[in-house]
Amino acid sequence: MRPSSPKRSAVPLGLAAGTLALTVAGSLLSPAATAAPGQAPAETDSAAAAFRGAVEVVDGPDDDQQVIDGAVFDDKNKNSRQDANEPGVPGATVSNGRDVVTTDGQGRYELPAFDNMTVFVTQPRGYQVPVDEDNVAQFFYHHLPEGSPELKFGGLEPTGALPDAVNFPLAKSALTQSPEQHCVIGGDIQTYDQEEVGFAKDGAFADLAARDDYAGCGALFIGDVVGDDLSLYPQTRELAGMLNGPARFLPGNHDLDFDATSGEHTFDTFKANLGPDYYSYDAGKAHVVALNTVEYPTKHPAAKGDYNGALDDQQLEWLRNDIAKVPDNKLIVLAAHIPLLDYADQGSAKHQVDQVAEIYEILEGREAVALGGHTHSIENMRTGDSLEGWDKLFGVKGLPFPHITAGAISGDWYSGRTADGNYPLGVQRDGGLPGVLTLDIKNNTFQERFTVRGEDDSLQMALGLNTPRYRDWYAANLAKKGSAPEFADPTAVSKSDLAGGTWLTTNFWMGSTGSTVKVQIDGGETVEADRTQKMQGEGQLVGAEWSDPVAVQEQLVNGGSLADRMMHLWRFELPSDLSVGEHTAKVTSTDAYGREFTESLSFQVTE
C-alpha cells in the first residue's frame, strides 16, 4: 500500500492556516510535562535508572526435553542472574505461546516444550523487565533447535537442545505500579532505506526523546517496523535508544521473511532482531496484549501483497488462555498491526482480522480498547459505531469497545515535500499528519491523544474551504497525483461559488462520535457543523465532496495518497450572503472528553 515513487521537494511548511490554541475542560488526566518539540531532552530519572539486563539462560541440556522450566525472580542487584538472596516472584504468568501458567510460591514455572516456540513472561504490575542497550525489552527466549531454514535476512540461529532453565529477571518498579500510565503507540515506522531511518530519527523519535511521561508503560511500535528490507532492523532498532522508557515491537506485513517456505518461519528475522511476534505485559491496571495479525500464505511463489489479516489457531488459543488469567478490573489494551476493524478499508477482509468475532467473544464484558496501524491514517471509533462493510464481512453491527487506528510515524510513506525539521510532510490517507498515539490511563479508564510530529498537543485539526472551484480542480487533476498544478488562492471564494455550495471544512483528526465542531463567522452567532460520516451503519463516503481540501491540495501537487474519505470531517456551509472582503472563521472542536481545541481561518470573498 506504499506509493510507487513518493515525491519529495524542499518547500517551507505552511499547511495550517491561522493560529492554534488549546484549552482543556473536564480532563481525566494531565500528561506529564515534556520538553518543547525539537528541544534536546535533559537526562531523565527513567533513562538513568533503566534496568539493563537479559534473560538468564542456564546451560544444559535439560534432562527432560519435553518440559521447559525456570523461575521469575526479583533481580535485586540487577545482574541478570538469580542469586541466593533473590526470591522468586509468585503469581507471575509465563507462556510458551500457547499455554499460560502462573508461577508458584517460589516463582517457579513449568511449561510443555515444542520446537519453534518462544517462552516469555508477562511483566507484572509493580515490576519492570530488563532492557538492552537500545531500550528494547528483554522478556523472552526463542527455542528453535535447528535454527531457521536458509533465509535472505538470516532468521534465527540454532538454539540446540533445551537449556537447564530459563529464568526471567524483574526489578521492582514504582513506575509500573502507579495507576496512572501513559502508553505510547507508534504505527508504521516503515523505513525503506537509511535516509528514511534518518527521517524517523529527526521526527517522532526526537519528539519521544523530549518526553518523559511514558517511562512505565513504554512505547509499543505496532508493525511495519521496516519496509521489506529486513537488513534495516539494526539501524531502526537503534532509534529506540533515544527513548525514555522500554520499547516493544510487533510485526507488520512489511516485516516478513518473504522467502520462507512455511508459515512457521515467516517472522524468524523479526524475532531474531526484536522479540516475540505476540505477547502481553502489565503496567498499572492496564494489561497490554500485543497480537500478530499478519498471515502470509505458504503457497509459492507468493507476492508481497498476498498477506491477510488473521490469527492462527495457536495464537488464538494463547489469547484465550492469557485473558483468562487477567482480573476483570483491568483494562485490556489490544494492539495489532492490521486492525481488528478499521474505517479506511472497511470493505476489505484482507485489511481487517478474520477472527474478530472470536476475539470479541474472548473479551466479552471486559473494559477494552483495540489499537491498530497499517492504514497510514488516524481513526477514532467508539463503542456502538458501525459501518456497512463491517456488517457485510463479519456480521459486526456495532463496536463492543473503542477501536483506534494510531496513524503512522512514516505518515504517508515519507512522501510529499520536505517540511521544517528535515523530514517529508507525509500527509496521511485521512489528511492527518504523522505522529504518535498516547493512551493516558488512570486505573482502568483511558483517554487517547495524538501528537503530531514536531508539534505539541495543541495541533489537532486542519481548516479549509471546499468550493465548487476546488471540486472542479480536484476532478481535472485526479489522474495527476504528484504533478498537479497548485490550486490558486485556496482561501478565496467567489460570490457565485458561495451560492453554488461552499463548506468550511474541519478535519478533526482524533474527532469521533461524541465530538462537536462549532463555527463562528466574524464574531457572530456560533453554529454547529455537521459530521459527514455518521458511523451509524452507512457505507463509506468517498470523493471530492467528502475530502479534506487542505490535505488534497498537498497530495495532488506534491505526492502521496489522497484524503478523499475520512470518519472525522465536519462541514459548515458558508452563508451565501457574505459580503465581499475579508472574513474570519473561529472553529472550536470539542472531543468526547470535553477537551477544546480552537483554530481560526481567514478567507476572502470575491466578486
Side-chain angles (χ1 to χ4, degrees), residues 31-32 34 41 43-56 72 74-75 78 80 89 92-93 118 120-141 168-178 180-187 189 200 204-223 225 233-234 236-251 270-271 273-290 333 335 371 406 409 436-441:
T34 62
E43 177 73 13
T44 65
D45 291 341
S46 57
F51 171 30
R52 304 215 180 269
V55 171
E56 181 185 19
V72 179
D74 182 359
D75 191 8
K78 300 183 179 178
S80 300
V89 176
T93 55
T118 299
F120 55 87
V121 65
T122 293
Q123 173 184 281
R125 180 184 183 183
Y127 290 91
Q128 195 101 50
V129 298
V131 298
D132 66 11
E133 66 279 3
D134 291 330
N135 294 324
V136 177
Q138 301 297 300
F139 58 95
F140 54 88
Y141 173 75
F168 296 102
L170 301 174
K172 288 185 177 178
S173 171
L175 290 168
T176 70
Q177 179 64 34
S178 172
E180 184 170 325
Q181 296 291 325
H182 306 279
C183 303
V184 169
I185 308 296
I189 307 169
F205 281 89
D207 292 347
L208 290 172
R211 290 174 51 179
D212 61 3
D213 59 328
Y214 58 93
C217 193
L220 175 59
F221 299 97
I222 55 173
V225 180
Y233 276 144
T236 305
R237 187 189 201 279
E238 285 177 2
L239 299 179
M242 301 170 65
L243 302 180
N244 291 313
R248 297 174 176 89
F249 296 86
L250 276 175
F270 173 91
K271 292 177 183 177
N273 284 271
L274 299 171
D277 58 334
Y278 61 90
Y279 50 91
S280 63
Y281 57 98
D282 286 357
K285 296 190 75 172
H287 179 72
V288 182
V289 179
V333 179
L371 308 173
I409 285 173
V436 298
L437 178 76
T438 304
L439 290 188
D440 297 317
I441 301 171

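What's counted below: heavy atoms across the whole structure, side chains too, no hydrogens, waters or symmetry copies.
The shortest side-chain heavy-atom distance between Val55 and Phe140 does not fall under the 4.5 Å cut-off.
Using modelled atom types, no side-chain atom of Asp75 and backbone atom of Leu170 make a donor-acceptor pair closer than 3.5 Å. Between the side chain of Thr438 and the backbone N or O of Asp440 there is no donor-acceptor pair closer than 3.5 Å. Of the possible donor and acceptor atoms, one in the side chain of Tyr214 sits under 3.5 Å from a partner among the backbone N and O of Leu208. Between the side chain of Arg237 and the backbone N or O of Asn273 there is at least one donor-acceptor pair closer than 3.5 Å. A donor-acceptor contact shorter than 3.5 Å is absent between the side chain of Thr176 and the backbone of Gly216.
In this structure, Arg248 CZ and Leu220 CG are separated by 8.0 Å, a value rounded to the nearest 0.5 Å. Taken from CD in Gln181 to NZ in Lys285, the straight-line distance is 12.5 Å, to the nearest 0.5 Å. Distance OG1/Thr93 to CD/Gln123: 11.0 Å, rounded to 0.5 Å. Taken to the nearest 0.5 Å, the CZ atom of Phe249 stands 5.5 Å off from the CD1 atom of Ile189. With rounding to the nearest 0.5 Å, the separation of CG in Leu243 from CZ in Arg211 is 10.5 Å.
The two residues Gly186 and Ile409 come nearest to each other via the heavy atoms CA-CD1, 4.0 Å. Nearest heavy-atom pair, Val333 versus Ala286, reported as atom, atom and distance to 0.1 Å: CG2-CB, 4.4 Å. For the pair Ser173 and Gln128, the tightest heavy-atom approach, listed with the atom from each and the gap, is OG-OE1, 3.6 Å. Listed here is the closest heavy atom pair of Pro246 and Ala215: CD-O, 3.3 Å. Closest of all the heavy-atom pairs between Ala92 and Val72 is CB-CG1, 4.1 Å. Residue Ala240 comes nearest to Ala247 through the heavy atom pair CB-CB, 3.7 Å, listed as atom of the first residue, atom of the second, then distance.
Ring centroids of Tyr279 and Phe139 are separated by less than 6.0 Å, placing the two rings close together.
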Problem set entry | Arg52/Asn135 under side-chain contact (heavy atoms from CB on, under 4.5 Å): CA gap, chis, key distance, verdict | CA-CA 8 Å; Arg52 304 215 180 269; Asn135 294 324; 3.0 Å; yes
For this session: In sequence, state the C-alpha distance, the side-chain angles, and the governing distance for Ile441 and Cys183, and then conclude on side-chain contact (heavy atoms from CB on, under 4.5 Å).
Result: CA-CA 8 Å; Ile441 301 171; Cys183 303; 3.8 Å; yes
For this session: Decide side-chain contact (heavy atoms from CB on, under 4.5 Å) for Phe168 and Val129; before the verdict, give the C-alpha distance in whole Å, the side-chain angles of both, and the deciding distance to 0.1 Å.
Result: CA-CA 8 Å; Phe168 296 102; Val129 298; over 6 Å; no
For this session: I would like to know whether Thr122 and Asp282 meet side-chain contact (heavy atoms from CB on, under 4.5 Å); could you show each step before the answer?
Result: CA-CA 7 Å; Thr122 293; Asp282 286 357; 4.3 Å; yes
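Taking a 6.0 Å sphere around NZ of Lys172, one finds it holds 12 or fewer heavy atoms contributed by other residues, nucleotides or ligands.
Classification of the Phe221-Phe205 ring pair by plane angle, with boundaries at 30° and 60°, yields parallel.
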